[in-house]
Amino acid sequence: MSRSAHPAGPRYADVLPEGHYSAPPTDLNALDAKVWAQTVCRNADGIVTVGGVDVRTLAERFGTPAYFIDEADFRARARAWRTAFGPDADVFYAGKAFLSRAVVRWLHEEGLNLDVCSGGELTTALLAGMPADRIAFHGNNKSTEEITRAIESGVGRIVLDSFQEIVRVAHIASSLGTRQRVQIRVTVGVEAHTHEFIATAHEDQKFGIPLADGQAAEAVRRVLRLDGLELIGIHSHIGSQIFDTSGFEVAAHRVVGLLKDIRDEHGVELPEIDLGGGLGIAYTGDDDPREPHEIAKALTEIVSRECEAARLRTPRISVEPGRAIVGPTAFTLYEVGTIKPLERLRTYVSVDGGMSDNIRTALYDAEYSVALASRTSDAEPMLVRIVGKHCESGDIVVRDAFLPSDLAPGDLLAVPATGAYCRSMASNYNHALRPPVVAVSDGEARVIVRRETEEDLLRLDVG
Ligand SMILES: *Cc1c(COP(=O)(O)O)cnc(C)c1O
């Protein structure tokens, strides 16, 4: 299509040939259950509600823009992952997708473990009462201070990401007089994003230690020699927004190959294998994610089959879904400010947020959908682009969508599936105040992360 053919890149050639767009949906008022949180529906007046509270009431009480998270849906998804994998596996929620103390409590209550990758995430997890032994510490450049704090607080595992880190973690653990449980993150030469994956011998990216050229095997040798480290398993994370399990199949095959080499060389069978996260969700009606029980069945079968072939005891599996748990559970509510029809192109609809609360469209060309939430409409559909209020033409929230042509300033728009990597990647660009996160459940709404104030901003500006 013309977008990708433009010499200046896809963002510059966004005038598409006539007829490129899929036809507008037959019913603009319909809410596709695929992309909305479980309790979202329209009430008798046509207003969108979540957890039994309508968005007009929510906007009045909490302002816009704001993220609204369906607590019942979050808990249900967390539980579905937990149940699907059963007692012989562990589910670590990837905190980077969205982390707050309320979320940590929900996870704890639903029996999930937690991945953190910074001192800030670790502090949040511990403060909210997540037992340290259920926390895994990740990252490709953990500081000495972070490693020390992680070991002192007793985290269940540190995932080693480089040769330097092996020595660093071993040294700190020994000087604290303990032995730290660790996994080694390996890169297996599988790159998976959305509907495709590529299996290669090498991987050109910053995470992990390559399996290629015996590097991972060398890392294992070094870890096994160090008193401060207890090697409990191998970790692999192959990508994000993945829709089928074939990439995991190749990854599992290669990781089990390493486990076999370790057994043959050192006479030890490592008890755990972590297959990472990256499972996809529906951002638009075109996406078709698998259910947790299907994924659990497929991954468990793949690992058992590979281990059987290698005559290894099947290790305990862990997985690390972030997006797949929190992504679908929240939407962002905006108010329409200005509407600018551009002849023969499209109508630009400006909302009161933008790339400061959702950077994914600008950063990854991510696709989102949008609905008029404060009312229904029988007006004809018009092609719109939802943009923010920032000083940047790439400040796009939803690249292409259809909304009713009687859209007016003051209408409320809801963008679904913004639970993951939106608030957690939010910025203060243009001194925007980061929006609140409000949990809604059983007719009750409560702020779990409050809106920033100008006072918050100025607190850092020491003048
Ligand atoms: C980002 C990340 C995850 C979570 O990815 P999702 O796409 O949110 O499921 C899990 N594990 C590791 C190591 C990660 O870096």
Side-chain angles (χ1 to χ4, degrees), residues 69 74 77-78 80-82 84-85 89-99 103 107 112-118 121-122 125 134-142 146 150 155-162 165 182-188 190-195 197 203 205-209 233-245 247-248 251-252 255 272-283 287 289-292 295-296 299 317-330 358-360 363-364 366-367 417-425:
I69 183 166
F74 184 100
R77 286 176 200 273
W81 278 90
R82 189 73 214 89
F85 277 86
D90 297 299
V91 181
F92 286 78
Y93 169 79
K96 69 181 193 219
F98 173 64
L99 197 66
V103 160
L107 292 164
L112 275 74
N113 298 357
L114 181 62
D115 271 359
V116 299
C117 61
S118 71
E121 289 183 359
L122 178 63
R134 283 168 51 185
I135 297 175
F137 200 98
H138 283 266
N140 66 304
N141 189 15
K142 309 165 189 81
E146 286 171 328
V155 299
R157 61 180 62 164
I158 292 179
V159 182
L160 300 171
D161 198 88
S162 65
E165 202 169 78
V182 296
Q183 292 188 336
I184 299 173
R185 177 163 175 176
V186 302
T187 45
V188 293
V190 173
E191 178 73 34
H193 292 289
T194 67
H195 300 281
F197 82 92
E203 257 188 316
Q205 48 108 340
K206 71 171 185 172
F207 291 108
I209 298 176
I234 300 295
H235 180 283
S236 150
H237 172 75
I238 57 172
S240 60
Q241 189 59 359
I242 303 166
F243 285 95
D244 74 37
T245 50
F248 290 98
V255 170
E272 296 190 19
I273 174 173
D274 190 314
L275 293 172
L279 297 141
I281 63 163
Y283 284 103
D287 296 325
R290 303 272 78 80
E291 294 291 325
I295 294 162
L299 295 189
I317 298 175
S318 42
V319 287
E320 305 173 318
R323 184 195 318 268
I325 292 176
V326 70
T329 67
N358 187 346
I359 192 65
R360 293 191 65 260
L363 192 60
Y364 308 124
E367 291 196 56
T418 58
Y421 305 107
C422 286
R423 181 59 181 79
S424 68
M425 293 180 117

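Numbering of residues begins at 1 and proceeds along the displayed sequence. Note that ligands are numbered from 1 as they come in the structure, with each ligand's atoms numbered from 1 the same way.
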Atoms in ligand 1 with a heavy atom of [X] nearer than 4.0 Å:
X	answer
G322	6 (P), 8 (O), 9 (O)
G277	9 (O), 10 (C), 11 (N)
R185	13 (C)
H138	13 (C)
E320	3 (C), 4 (C), 9 (O), 10 (C), 11 (N), 12 (C), 13 (C)

Checklist outcome for this item: Nearest heavy-atom contact between V159 and R185 is CG1-CB, 3.7 Å
Next on the checklist: Please check: side-chain N/O of S424 versus main-chain N/O of A97, any donor-acceptor pairing under 3.5 Å?
Outcome noted: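 Yes, the answer is positive, given that a donor and an acceptor are paired below the 3.5 Å cut-off.
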Checklist entry - Can you tell me if D161 uses its side chain to pair, donor with acceptor, with the backbone of G208 under 3.5 Å? => result yes
Next on the checklist: Heavy-atom contact check, 4.0 Å cutoff: does Y421 meet ligand 1?
Outcome noted: yes
Checklist entry - At the 4.0 Å heavy-atom cut-off, does G278 count as touching ligand 1? => result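 G278 counts as a contact of ligand 1 under the 4.0 Å cut-off.
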Next on the checklist: Below 3.5 Å, N or O to N or O, backbone or side chain included: is there any such pair between R323 and ligand 1?
Outcome noted: yes
Item to check | Backbone or side-chain N or O of H235 under 3.5 Å from ligand 1 N or O | outcome: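 N/O-N/O distance below 3.5 Å does not exist for this pair.
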Checklist entry - Is a side-chain donor-acceptor pair under 3.5 Å present for S318 with D274? => result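 There is such a pair (donor and acceptor under 3.5 Å, judged by atom type) between the side chains of D274 and S318.
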Next on the checklist: Under a 3.5 Å threshold, yes or no: a donor from one side chain and an acceptor from the other, between R323 and Y283?
Outcome noted: yes
Item to check | Nearest non-hydrogen protein atom, atom 1 (C) of ligand 1 | outcome: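 Protein heavy atom at minimum distance: K96 NZ, 1.4 Å.
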Checklist entry - Charged N to carboxylate O under 4.0 angstrom, E165 versus K142? => result yes
Checklist entry - Between OG1 of T245 and CD1 of I295, what distance do you get to the nearest 0.5 Å? => result 8.0 Å
